[in-house]
Amino acid sequence: MSNPFAGWVWNGGTIAFFLISLVVVFAAVMLLQFRKVMYMALSIGLVFLGMAGLYILLNADFLAFAQILIYAGAITILMLFAVMLTRHDEVEDPPLRDPKKWLTALGCLALGAAMLWTIRNTPWSSPPAQPPWPVQKNVAAIAETLFTGYAVPFELVSVLLTVALVGAVILARKEG
Amino acid sequence: MPFFQWVNDALTWGTLFRMLLGGIIVLLFLLGVVAYMLYFERKIIGWMQLRIGPNRVGPLGLFQSIADVLKLLAKEDIVPAQADRPLFLIAPIIAFVPSFVVIAAIPWTASHPFTADISVALLYYLALSSITILGIMLGGWASNNKYSLLGGMRSAAQMISYEIPLGMSLLGVILMAGSLNIVDIVEAQRRFMWFIIPQFLGFCVFIVAATAELNRTPFDLPEAESELVAGYHTEYSGFRFAFYMLAEYLYVFAISCLGAALFFGGWSGPLLPGWLWFAIKVSAFIFFFFWLRATMPRIRVDQLMTFSWKVLLPLALVNIVLTSVIKYWVNAG
Amino acid sequence: MSEDQKETLPPSSGDGGRSGRDAASSEAVAEGVDAKRTASPSAGGEPGTKPQEAAPKREPAAKREAPPKKDAPPKEPDPREAPARALLEEVVAEVKTVFPDAVEGAELQKFRPVLLIRREYWRDVLHLLKTGERLRFRYLECMAGVDYPQGGYIEVVALLTRMPEATMIEAKTRTPRDAAELPSAVPVFPGANWEEREIFDLLGVHFEGHPDLRRIMMPDDWRGHPLRKDYSPFE
Amino acid sequence: MAEIRTEEMLMNVGPQHPSTHGVLRLVVKLDGETIVDVDPVVGYLHRGTEKLAEDLQYTQIIPYTDRMDYLAAMLNNYALVHAVEEAMELQIPERAEYLRVIVMELNRIASHLLFIGAYLLDLGAMSPFLYVFQDRERILQLFNEICGARITYNYMRIGGVKWDAPPGWIEKVQQFVPHMRESIKMLHDLITGNEIFLNRVKGIGAYDAETAIAYSLSGINLRCTGYKWDLRRNRPYSIYDRFDFEIPVGKNGDCFDRYILHLEEMEQSLRIVEQACGQIPEGPVMGKVPKILRPPAGEYYSGIEGARGELGVYFVSDGKDKPYRLKFRRPSFVNLQLLPSLLKGQNMANLIAILGAVDIVLGEVDC
C-alpha cells in the first residue's frame, strides 16, 4: 500500500480531526480509568463534546449542536444530579488483578484488527466531491425529511415522549 | 474585512497569525465590555439608590473595575481543605469558556468581522451556554460547602428549566425568519419589520427567561446573598471567582446582543453606522437588566419553577402555534 | 426578721402559723395585707399609702432599712389602691377554692396583686390563673428569677395579664438555692420556654418537665450561674 | 420501584450570615430545601447587662440600655427611666414628657424604617434599604442635634431629659413629618404593590391570635393577628392618653401583615409627633429629683410599647441606690421563641422571609 497520508491537506479541518479524535479517545479511556463517579460523568461529557466536534467536521452542524445541547448539556447534568442525589460510595474499589483481563485485551485487539481489515477491504462507493446539500441548507433539509418522508415515525416518537413525560410526572406525584 | 475571514483558508502560519490576532482582539474587547459594564452597573444602580457609585479610582471612578480585576488577579487562590481539588480548580474554567465561545455567533455589524457565520447560530448559542451550567454545578459541588451545594443545585435546576422557554421563545422568530442564522434573521427584519412587533409575546417570554437564565434579580436565587451567602461561588476567591463573574457578565452581554439582534433589528437603523446602532440597542438591554436589579425583590425558588413550567412554557407554546398558523395563512393567502 | 414580715410573706422554709391563715377566707387575707400596711408605717415611719414598703421585709434586716429622709406628710390613699386590693382578694379566693393551701402569701406591690405560691402547686396554680373562669390571666408578660442568698431561696416571678383589660397580677414561688427545682410552666405557657431556659442558665433553677432545658445565654460548658449573688467567674 | 432515600442535611445558618440580623445562629435540619427542624442558638452577644446593672446606680444603667435594642435606644432609655420614676412616683415636667414622646416616636419610625429596608434586603431587593436610610438619616440628625449622639442616645434621665431641644428643633421635626409621609407613600408605591414581594410574604408564616398570646408575643407580632394590643392604649403611660392615634391591626397574621403594620404604625407615630409638636409647652426639662436615687424597697414592673413589642423592666429594690435585681423583658427575645414552630415544613427560602418579619435585634435578644 502507498503512503496512507497521500492526498491529505494539512488544513485546520484535518488538524482538528486528529486533535478531537485524540481528546475523545483520551476522555473515553479516562472514563474507564477514573474511580470517582463524578469524574466519570465529566469524562463522558467530554466524549459527547468531542463527538459534536467530529459532527461539525462532517458539516453536520445541526446534529453537532443538538448533540451538545442534549448530551453534553442536559444528559451530563442529569447524570451529575443523579450522582449528587443518590447515596453511594463515590469511589469504586480498585479492580482485582484477574487473568481474564489479558483475555479481554486480546479480544479487543482481535476485534480492532478485524474491523481495520474489513474497512480497508470494503469497496466504498466513491464519496461525492460536494456534500449532498449546501451547508446553509442543512437544517432545512433535515426538517423537510423529517416532516415529509418520516412524518409518521416522527409523530409517533413525539407521542411516546409525551407519554413518558406524563408518566414521569405521575410517578413523581405519587412519591410526594 | 477579508483580513479576518480565515475560516475556509488553508492552515498556514499567516492564517494562524490572523486567527490568533482576531481572537485576542475580541478577547480584549470583551474584557473591556465587561469591565465597563460592571462600572455602569455600579454607577447606574448607585444613582437609582441615591448614591454616587464608584468615584475614587481614576476620573469619575472609571478605573474602578480595572482596579477590582487587578485585585482579584493578585489575590491568593484559596482551595478549601475538604474540597474536591481538581474539580474545584477546573469548574470555573468550564463555566467561563463557553461564555466566550457563544460570542462568536453574534454578528455585531452587517459584515460581521470576527464572527462565525454559523447556519445554526441560535442552536449553537443555546447548546454552548448549557455547558456553563455544568461548571456552576460542579463548582458548587466541589466546594464541599452546603451553601455552595444548594446554590449549585438551584442554579442547575433553574437554568435548565428556563432554557426551555428561552429556546421556545426563539422559535417564533426562527419561524418568521425561516432561518437559525442570526444574520439571516436580522436581514429578514430589515425587509419586514422589527420582530418585537409581531413577536411581542415571544419577546416577553424571552426577556423573562433570559433574566432567569442569567441568574439576575429577580431570579438571582443561586447566589441569593440573604439565603445562601453567595451560592455556588461562596468558597471561590481570586481569579477563579473572577472567572465566574466574567462568565456571568459576558452572558449578560451575549443575551443582550441576542435580544437586540432577534427582536430589534440588530445593526439596522437610520443615519448612524450599524455598529453604533447595535451598541445602543445592546446597551438598552443591559440597562434594563440593571434597572430590574435595582427594583425587584427576589422570587422564591418553588415559585420560580412553577412560573417557568406553568406560565412561561405554555405562553411560548401558544406563541409558536400562533406564529405558525399566521405564517401558514399568510403564505397560503 | 421582723414579725410583720412573718405575718405577710414568710420564707418557704415553712412555719406552722401559715396553714391556719391559708385556710382563712379572702377577707382574712385582705386583712393580713391591711395589717401589714398599717404595721409598716410604724416600722418605716411611712404613711400607709406605700404598700411596696412591705417588700423589704423579705430582705435581710441589714438591707431593708429605708432611708429616714423618706418621712413625708401623710397622703391621701391612692385611688388605684382599692380596685387593686379587690382584685387581689378575688384572685386569692379563686385560687383557694381549688387549691386551699397553695397560696403562701398575698400582698400588693405598687397596686399589683402579688401571690406567693407554694412551689409544688406552681404549675397548677399558673394553669388555674390562665384558664380559671373568672381569672383568665392568659398572657405571660414576663418571667424573672431573683436570688436571695440570705433567705436561702431563689424566687421565680411570673407576671400575668388579663387581656384585653391589661390587669396584671404577679405570681411567684420560691425554691431553695442549693437544690433549686420547680415544675416548668411551659405546658401552661409555651412562651415561658426561653424565659425558663434563661433562669436555668443564669440562676440555676432546674425546671422539671421543661422540653428543652439547656443553657441559652452562656456557653454549654459554662460553670456556675452568673446571676446568683455569690457567683464568681474565677471559681 | 426502589425507595428513594433522601438524606437530612444539617445546616448552620449563622452566626455570621447575611440575614440573621446579627449574631443569631440557626441550626437548620433540611430535607432537600424543606426545613425539618430549627434550633435557634442565641447568646453570642450576651453581655450580662442584668448582672452589670446590679452594681450600677440607676442613672448609670441608662447607657447600657442604649446597647440593647440599638435601633430604638430612646425607647429603651425610657423603659428604664419610666420604671424607676413609677417606683419613686416622681413628677416629670410637661416639656420633658413631650420631648420624650417626640423622640420615642421618631425613634420608632427610624426603627421601623430600618426593618423595612432590611426586610426587603433579605428578600433580595436592595434599593429600599438605601431609600429608608435617607429618611432614617434625617431622624438621626435630629437626634444628633438634641442629644449629640446618633445611635446610643443616653438622652433620658430619671426625672426628665438631659437636654432641652435646641432652638428651631421642634420646627425641624414639624418639617420632617410631611416629608416622612411622602416617603411612606413612596415605599408603598415601590414595595406594597410588587407582585413578587406579595407572592413571597402573603400567607407565609401565619399564626393566629391564640398562638401569639400563648407564646407571649407582643408588638406587631401580636397585632398582625388582628388582636388589638398596644400598651400605649391598653395601659397608658407617659402622656399617650392625650394624643389621637389608631392602633393598626392585621388580619391574617402573616409576614405581609407584619410588613404593612410597620408602615401603618409609622404613620400613626407621625400623627403623635405632629400633635406633640403642636402641644409642647415651655418649661423645665428636668424635675426635682434627689441626688441619689433610692427607690423604696419593693418589686416593680413597668412595660412600655417598644418598637418591637412590650419592653418591660422588672426590678427589685432593697432601698439602696442600686437595683437588687434588674430584669429586662426584651420583646425580641420573647418573640423569637415562636420561630421554630413557624419554620417547620417551610421552604428554605421562607426561612429568611419569616425570620426577617419577626423583626429581631440581637443586641436585645441577648441583652
Side-chain angles (χ1 to χ4, degrees), chain C residues 44 46 50-60 63-67 69-70 78 109-110 112 114 130 138-148 155 157 159 161 163-168 170 172 188-195 198 201-202 212 215-219 226-227 229 231, chain D residues 39-46 48 50-51 54 86-87 89 210-218 222 227-229 231 233-235 290 292 294-303 310 312-320 324-329 333-338 341 365-367:
Chain C
E46 176 115 289
K50 295 234 170 219
Q52 70 273 17
E53 269 303 292
K57 291 159 194 116
R58 283 182 289 105
E59 310 295 336
K63 282 188 163 193
R64 62 164 283 263
E65 197 50 57
K69 69 174 172 185
K70 280 252 162 133
D78 196 294
Q109 285 275 2
K110 196 78 188 172
R112 189 178 61 243
V114 179
K130 181 187 177 187
R138 55 178 176 147
Y139 185 67
L140 176 71
E141 215 166 309
C142 181
M143 239 181 132
V146 190
D147 183 24
Y148 294 104
E155 210 170 70
V157 178
L159 292 147
T161 300
M163 284 170 129
E165 298 91 331
T167 330
M168 185 190 262
E170 178 179 329
K172 58 182 174 183
V188 184
F189 294 105
N193 189 330
W194 282 19
E195 299 273 24
E198 197 182 37
D201 186 1
L202 302 180
D212 181 28
R215 283 188 182 271
I216 188 164
M217 290 297 168
M218 312 304 284
L227 273 185
K229 290 286 175 187
Y231 171 77
Chain D
D39 179 22
V41 181
V42 303
Y44 289 92
L45 214 57
H46 180 62
E50 290 173 3
K51 181 78 177 173
E54 291 174 7
E86 281 233 310
E89 302 198 328
E210 283 310 309
T211 320
I213 291 171
Y215 276 89
S216 305
L217 303 192
S218 52
L222 174 56
Y227 198 88
K228 203 174 249 193
W229 179 259
L231 291 180
R233 271 270 181 271
N234 292 69
R235 198 185 288 153
I292 293 174
R294 290 194 180 86
E299 293 169 39
Y300 305 95
Y301 179 83
S302 89
E310 180 181 345
V313 173
Y314 168 85
F315 73 96
V316 180
S317 166
D318 52 3
K320 291 190 180 161
Y324 181 74
R325 166 88 169 94
L326 180 67
K327 151 97 187 171
F328 290 106
R329 187 239 194 241
F333 179 74
V334 180
N335 292 349
L336 195 57
Q337 288 183 74
L338 188 57
S341 57
V365 171
D366 292 348
C367 185

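In what follows, chains carry the letters A, B, and so on, assigned in the order in which the sequence lines appear, proteins first and then strands, with residues in each chain numbered from 1. Fair warning: this is a prediction, and the values are worked out from it, not measured in the lab.
- Looking at D:F333, both its backbone and its side chain come within 4.5 Å of chain C, counting heavy atoms on both sides.
- In this structure, the side chain of D:K228 does not engage the main chain of C:P164 through any donor-acceptor pair within 3.5 Å.
- The distance from atom CD of C:E198 to atom CG of D:D366, rounded to the nearest 0.5 Å, is 9.5 Å.
- Side-chain contact between C:T161 and D:W229: present, with at least one pair of heavy atoms (C-beta onward) separated by less than 4.5 Å.
- The nearest pair of heavy atoms linking D:S216 to C:G191 is OG-CA, 4.0 Å.
- Under a 3.5 Å cut-off, the side chain of C:Y139 and the backbone N or O of D:L217 do form a donor-acceptor pair.
- Considering every non-hydrogen atom in both C:K229 and D:E54, the closest pair reads NZ-OE1, 3.1 Å.
- For D:L326, no part lies near chain C; criterion is any non-hydrogen pair under 4.5 Å.
- At distances below 3.5 Å, at least one donor-acceptor pair connects side-chain atoms of D:R325 with backbone N or O atoms of C:G145.
- From D:H46, atom NE2 reaches atom CG of C:D201 across 7.0 Å, with rounding to the nearest 0.5 Å.
- For the atom pair D:D39 CG and C:D212 CG, the distance stands at 6.5 Å (nearest 0.5 Å).
- Interface residue D:V334: only side-chain heavy atoms are found under 4.5 Å from chain C.
- The distance from atom CD of C:E165 to atom CG of D:N234, rounded to the nearest 0.5 Å, is 10.0 Å.
- With hydrogens and angles disregarded, no donor-acceptor distance shorter than 3.5 Å links the side chain of D:Y314 to the backbone of C:V157.
- With a threshold of 4.5 angstrom between heavy atoms, D:L338 does not approach chain C through any atom at all.
- None of D:K327, D:R329, D:R235 except one satisfies the salt bridge (charged side-chain N to carboxylate O under 4.0 Å, His left out) rule with C:E141; the exception is D:R235.
- Note: D:Y215 OH to C:N193 CG = 7.5 Å, rounded to the nearest 0.5 Å.
- Counting only heavy atoms from C-beta outward, the side chains of C:W194 and D:V42 approach each other to under 4.5 Å.
- For the residue pair D:V365 and C:M217, the shortest heavy atom distance occurs at O-CE, 3.2 Å.
- Counting heavy atoms from C-beta on, the side chains of C:Q109 and D:V316 never come closer than 4.5 Å.
- For C:M143, the part lying under 4.5 angstrom from a heavy atom of chain D is the backbone only.
- Of the listed residues (C:E170, C:M218, C:K130, C:R215), the one with the most heavy-atom contacts under 4.5 Å to chain D is C:E170.
- Scanning both residues, C:R112 and D:E299, for their nearest heavy atoms gives NH2-O, 3.5 Å.
- With a threshold of 4.5 angstrom between heavy atoms, D:Y301 approaches chain C through its backbone and through its side chain.
- Proximity to chain D is limited to the backbone of C:D147, based on heavy atoms less than 4.5 angstrom apart.
- For C:I216, the parts sitting under 4.5 Å from any heavy atom of chain D are the backbone and the side chain alike.
- The minimum heavy-atom distance linking C:K110 with D:E86 is given by the pair NZ-O, 2.8 Å.
- Taking the six-membered ring for Trp, D:Y324 and C:Y148 have ring centres closer than 6.0 Å.
- Heavy atoms closer than 4.5 Å to chain C are found in both the backbone and the side chain of D:Q337.
- Checked against salt bridge (charged side-chain N to carboxylate O under 4.0 Å, His left out), D:R233 has no partners two or more places apart in sequence or in another chain.
- Residues D:A214 and C:P190 come closest through the heavy atom pair O-CD, 3.3 Å.
- At a 4.5 Å heavy-atom cutoff, D:N335 makes no contact with chain C through either its backbone or its side chain.
- For chain C, no part of D:S341 is nearby; none of its heavy atoms comes within less than 4.5 Å.
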